[in-house]
Amino acid sequence: MADQQGKYRINAVSEMTGIPSATLRAWERRYGVPEPRRTESSYRVYSDSDVELICRVRDLGEQGMAPSEAAKLVLADLERQRNAAPANGADPYVGATQAIVHGVEVFDPEQVHSAVRHALVMGPATTVFDRVFRPAMREIGQRWHDGTFSVGQEHMATQIVEGATISMLNLVQQEDADKSAVVACFADDTHSLPVLGFALHMATWGFRVVRLGTRTPPAAIRQSIEQLSPTVVGLSVTVTPPPHRARELVEEYASACRNTPWVVGGAAAADLRPLIEQHGGQVIEGYSPREIRRAIETTITKHRRRKRS
């Protein structure tokens, strides 16, 4: 938990957060975010916790949310955390993950929606996805695989979490981005959450992202390249196709991408590494955003050098 002791004057907080002093006073007056302590001389003094609340409202506002709605969500999440009274050292992201899984366990859509809404105010979009949505869906998928959860429960969770992820993606997209990416799933792949997470990170790295969704055939990739001229194409494959089908798809994707750099990630990407690299693609293994970004930037740089030479 952040320090609750008042220590910063309003001008210092304005410099720390980038929020003008007048706006801080307006948020306090209109929304109660935050409620700084006062000195004997009636000067406002803000704690680390107050600064944290301001930053969370600011971040949600930068993602397109109205200040009033952002403040409401932040205060609701703060109240929930207080009521939950977690043990010292408890990870709030683990708690948020467990809240989503529990809502699915009792098959209560409203509870799942509520848990997802609370998660949205816990930090930047990529943090929420990586530390709450992704692990929640991984556990839900495992429970479905084990027979603990039904198909209905898994589908309910997928719809709610993917809907929230798409909303975050729409908020962080930069319309004036000077780079673009087309992202899609392999033609036989129906798992859309991994490619959504990939798109979310790409958007925060300054790419304008165009999503083509699940079961995207090579012909659709070809058309998107012809019409959009993206900087890079990102494909996701989570289930390894049969050998003959894998070869067919990789050859067709390579042909569709032609002179556009393309990368492939997902749980089954490593299985197709020799085939993909043989046809000029780049395989991304694992889920480390830092490593993924480095691989993509390296691929784009190499492609540009080859074009110049």
query = Going only through I, L, V, M, F, W and Y residues with side-chain contacts under 4.5 Å, is there a path from Val210 to Leu171?
reply = no
query = Given Arg143 and Glu105, is the salt bridge (Lys or Arg N to Asp or Glu O under 4.0 Å) satisfied, shown in steps?
reply = CA-CA 10 Å; Arg143 293 202 189 186; Glu105 184 175 23; 3.8 Å; yes
query = Considering only heavy atoms from C-beta outward, does the side chain of Ser68 approach that of Arg30 to under 4.5 Å?
reply = no
key: Straight-line distance of Gln173 CD to Thr204 OG1, nearest 0.5 Å   = 10.0 Å
query = Are Ile296 and Val264 in one and the same hydrophobic cluster, where Ile, Leu, Val, Met, Phe, Trp and Tyr link if side-chain heavy atoms are under 4.5 Å apart?
reply = no
task = Please examine the side chains of Asp48 and Tyr8, heavy atoms only from C-beta on, and report whether any two atoms are closer than 4.5 Å.
result = yes
inquiry  = Looking at Thr97 and Tyr93, would you say the former's side chain and the latter's main chain have a donor-acceptor pair under 3.5 Å?
reply    = yes
task = Report the residues that fulfil salt bridge (Lys or Arg N to Asp or Glu O under 4.0 Å) with Glu62, sequence neighbours left out, ordered by chain and then residue number.
result = none
inquiry  = I'd like to check Val112 versus Met156 (side-chain heavy atoms, cut-off strictly below 4.5 Å). Are they in contact?
reply    = yes
task = Work out which heavy atom in Ala220 is nearest to a heavy atom in Leu212; give both atom names and the distance.
result = O-CD1, 4.1 Å
key: OG1 on Thr298 to CD on Glu291, rounded to 0.5 Å   = 9.5 Å
request  = Output, in order, the C-alpha distance, side-chain angles, deciding distance and verdict of side chain to side chain contact (heavy atoms under 4.5 Å, CB included) for Thr216 and Ile221.
outcome  = CA-CA 7 Å; Thr216 301; Ile221 297 296; 3.9 Å; yes
task = Verify the ring-centre separation between Phe149 and Phe107: is it less than 6.0 angstrom?
result = no
task = Would you check if Trp262 and Val232 make a side-chain contact, meaning some heavy-atom pair closer than 4.5 Å?
result = no
query = Is the closest basic N to carboxylate O distance between Arg273 and Glu285 below 4.0 Å?
reply = yes
ask   = With under 30° as parallel and over 60° as perpendicular, where do the rings of Phe129 and Phe133 fit, or are they tilted in between?
value = perpendicular
inquiry  = Could you check whether any side-chain N or O of Glu277 sits under 3.5 Å from a backbone N or O of Gln282, counting only pairs where one atom can act as donor and the other as acceptor?
reply    = no
key: Aromatic Tyr287 / basic Arg134 pairing, under 6.0 angstrom, 45° off normal   = yes
request  = Flag the pair His191 / Cys185 as yes when at least one side-chain heavy-atom distance between them is below 4.5 Å, and no otherwise.
outcome  = no
message = Are there over 12 heavy-atom neighbours, none belonging to Asp146, within less than 6.0 Å of that residue's CG?
response = yes
inquiry  = If we ignore hydrogens and angles and just use 3.5 Å, is the side chain of His113 paired with the main-chain N or O of Ile160 as donor and acceptor?
reply    = no
key: Ile276 to Ala269 - nearest heavy-atom pair and separation   = CD1-O, 4.3 Å
request  = Determine whether Tyr46 and Leu75 fall in the same hydrophobic cluster, where Ile, Leu, Val, Met, Phe, Trp and Tyr are linked whenever their side-chain heavy atoms lie under 4.5 Å apart.
outcome  = yes
pair Glu28-Arg44: side-chain heavy atoms closer than 4.5 Å = yes
request  = For residues Leu73 and Met65, determine if any side-chain heavy atom of one lies less than 4.5 Å from a side-chain heavy atom of the other.
outcome  = yes
ask   = Checking side-chain hydrogen bond (donor to acceptor under 3.5 Å, both in side chains) for the pair Asp108/His102: CA distance, chi angles, key distance, verdict?
value = CA-CA 9 Å; Asp108 185 342; His102 177 71; over 6 Å; no
ask   = Does any donor atom in the side chain of His303 or Asn259 lie under 3.5 Å from an acceptor atom in the other side chain?
value = no
ask   = Quick one: does Arg215's side chain have a donor or acceptor within less than 3.5 Å of a partner on Asp189's backbone?
value = no
query = Does Glu248 pair with Arg245 as a salt bridge, N-O distance under 4.0 Å?
reply = yes
request  = Could you tell me whether the side chain of Ser167 reaches within less than 4.5 Å of the side chain of Asn170, counting heavy atoms only?
outcome  = no
query = Just by distance, do the side chain of Ser14 and the backbone of Ile19 share a donor-acceptor pair under 3.5 Å?
reply = yes
inquiry  = side chain to side chain contact (heavy atoms under 4.5 Å, CB included) for Leu228 and Val182? Distances and angles first, verdict last.
reply    = CA-CA 9 Å; Leu228 303 173; Val182 168; 4.1 Å; yes
query = More than 12 heavy atoms of other residues, nucleotides or ligands under 6.0 Å from NZ of Lys72: is that the case?
reply = no
inquiry  = Show, in sequence, the C-alpha distance, side-chain angles and deciding distance for Val57 and Trp27, and conclude whether the side chain to side chain contact (heavy atoms under 4.5 Å, CB included) test is met.
reply    = CA-CA 10 Å; Val57 173; Trp27 284 2; 3.8 Å; yes
inquiry  = For Ser180, is there any backbone N or O sitting under 3.5 Å from a side-chain donor or acceptor partner on Thr231?
reply    = yes
message = One pair to check against side chain to side chain contact (heavy atoms under 4.5 Å, CB included): Val263 and Ile292. What are the steps and the verdict?
response = CA-CA 10 Å; Val263 299; Ile292 293 173; over 6 Å; no
message = One thing to verify: whether Glu297 and Arg294 come together as a salt bridge, which I'm taking to mean a side-chain N less than 4.0 angstrom from a carboxylate O.
response = no
inquiry  = I want to check a possible cation-pi pair here: Arg38 against Tyr43, using under 6.0 Å from ring centre and within 45° of the ring axis as the test.
reply    = no
request  = Look at the side chain of Thr127 and the backbone N and O of Gly123, then say whether any donor-acceptor pair between them is shorter than 3.5 Å.
outcome  = no
query = Minimum heavy-atom separation for Ser236 to Gly266, with atom names?
reply = OG-CA, 4.4 Å
inquiry  = Tell me whether Val250 shares a hydrophobic cluster with Val237, the cluster being built from Ile, Leu, Val, Met, Phe, Trp, Tyr side chains joined at under 4.5 Å.
reply    = yes
query = If every non-hydrogen atom of Leu200 is compared with every non-hydrogen atom of Ala125, which pair is closest and at what distance?
reply = CD2-O, 3.6 Å
message = Please give me the minimum heavy-atom distance between Pro194 and Thr238, naming the atom from each residue.
response = CG-CG2, 4.0 Å
task = Would you indicate whether Arg58, at its atom CZ, is surrounded by more than 12 heavy atoms from other residues, nucleotides or ligands within a distance under 6.0 Å?
result = yes
inquiry  = Looking at Glu35, I want to see if its CD is surrounded by more than 12 non-hydrogen atoms of other residues, nucleotides or ligands under 6.0 Å.
reply    = no
ask   = Below 4.0 angstrom, N of the basic side chain to O of the carboxylate: do Arg117 and Glu110 qualify?
value = no
query = Would you say the side chains of Ser255 and Glu251 form a donor-acceptor pair under 3.5 Å?
reply = no
ask   = Under 3.5 Å, side chain of Asp50 to main-chain N/O of Ser47, donor-acceptor pair present?
value = yes
inquiry  = Would you say Ile300 ends up clustered with Val233 if hydrophobic residues are merged whenever their side chains have heavy atoms under 4.5 Å apart, either directly or through other cluster members?
reply    = no
task = Rounded to the nearest 0.5 Å, what's the gap from CG on Asp188 to CG on Leu249? Could you check?
result = 5.5 Å
message = I'd like to know if the side chain of Thr148 and the backbone of Trp144 have a donor-acceptor N/O pair within less than 3.5 Å.
response = no
task = Check the pair Asp178 / Arg208 against salt bridge (Lys or Arg N to Asp or Glu O under 4.0 Å), numbers first and verdict last.
result = CA-CA 8 Å; Asp178 57 0; Arg208 179 174 54 84; over 6 Å; no
query = Nearest 0.5 Å, what's the CG-CZ distance between Leu196 and Arg211?
reply = 5.5 Å
query = Does Thr17 use its side chain to pair, donor to acceptor, with the backbone of Val13 at less than 3.5 Å?
reply = yes
query = What's the shortest heavy-atom distance between Ala70 and Leu60, and which atoms?
reply = CB-CB, 3.8 Å
inquiry  = To the closest 0.5 Å, what do you measure between CG (Leu169) and OG1 (Thr126)?
reply    = 11.5 Å
